[in-house]
**Student:** 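Mind looking over this structure? Questions follow.
Small disclaimer: the values here were computed from a predicted structure and weren't measured. The analysis underlying the following values was restricted to heavy atoms, covering all of them including side chains, and did not include hydrogens, waters or symmetry mates.
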Amino acid sequence: MKGKVLNLVGFIIFVSLNWMALPSLGQDLKAELSNAVCHQNWGEAIEVIDRMSTISPQSASRLQDYRDRLVTLQDSEARVPEWQEDCSPPTPLN
């Protein structure tokens, strides 16, 4: 289970949101999202994704997938205790 959580967290942390054409407000939201994920605050990250969806409806499908993954983390109360101070996750175990 730990490996699955780490892989999911790794996906969430390293997924690039560069494919979204967000206005300048979107850049602020990306920073908020990074901060929320960095602190493993899944609820806040979900709220940011919801706000992103309102300003970038053309990315709704991708954002929904990202949101679903965050909900999985929130529902499972996922926490990565070995989280690094610079917010990088530990190396996933295969």
**Student:** Drop me the distance from R62's CZ to Q58's CD, to the nearest 0.5 angstrom.
**Tutor:** 9.5 Å

**Student:** Mind listing the closest non-hydrogen atom pair of L33 and Y66 along with its distance?
**Tutor:** CD2-CE2, 3.6 Å

**Student:** Within the distance-only criterion (no hydrogens, no angle test), does the side chain of S56 pair as donor or acceptor with the backbone N or O of S53 below 3.5 angstrom?
**Tutor:** no

**Student:** Please round to the nearest 0.5 Å and tell me the distance separating atom CD of Q64 and atom CG of D50.
**Tutor:** 8.0 Å

**Student:** With sequence neighbours left out, write down each residue that passes side-chain hydrogen bond (donor to acceptor under 3.5 Å, both in side chains) with E47, or none if nothing qualifies.
**Tutor:** none

**Student:** Please name the pair of heavy atoms, one in H39 and one in R79, separated by the smallest distance, quoted to 0.1 Å.
**Tutor:** O-NH1, 3.5 Å

**Student:** Closest heavy-atom contact between A36 and A45?
**Tutor:** CB-N, 3.7 Å

**Student:** Under 4.5 Å between any side-chain heavy atoms of V37 and W42, yes or no?
**Tutor:** yes

**Student:** Nearest 0.5 angstrom please: I49 CD1 to E32 CD, how far?
**Tutor:** 11.0 Å

**Student:** Could I get the full list of side-chain hydrogen bond (donor to acceptor under 3.5 Å, both in side chains) partners for Q74, not counting sequence neighbours?
**Tutor:** none

**Student:** Working to the nearest 0.5 Å, report the span between CZ of R67 and OG1 of T72.
**Tutor:** 11.0 Å

**Student:** What's the separation between atom CG in D68 and atom CG in L73, rounded to the nearest 0.5 Å?
**Tutor:** 11.5 Å

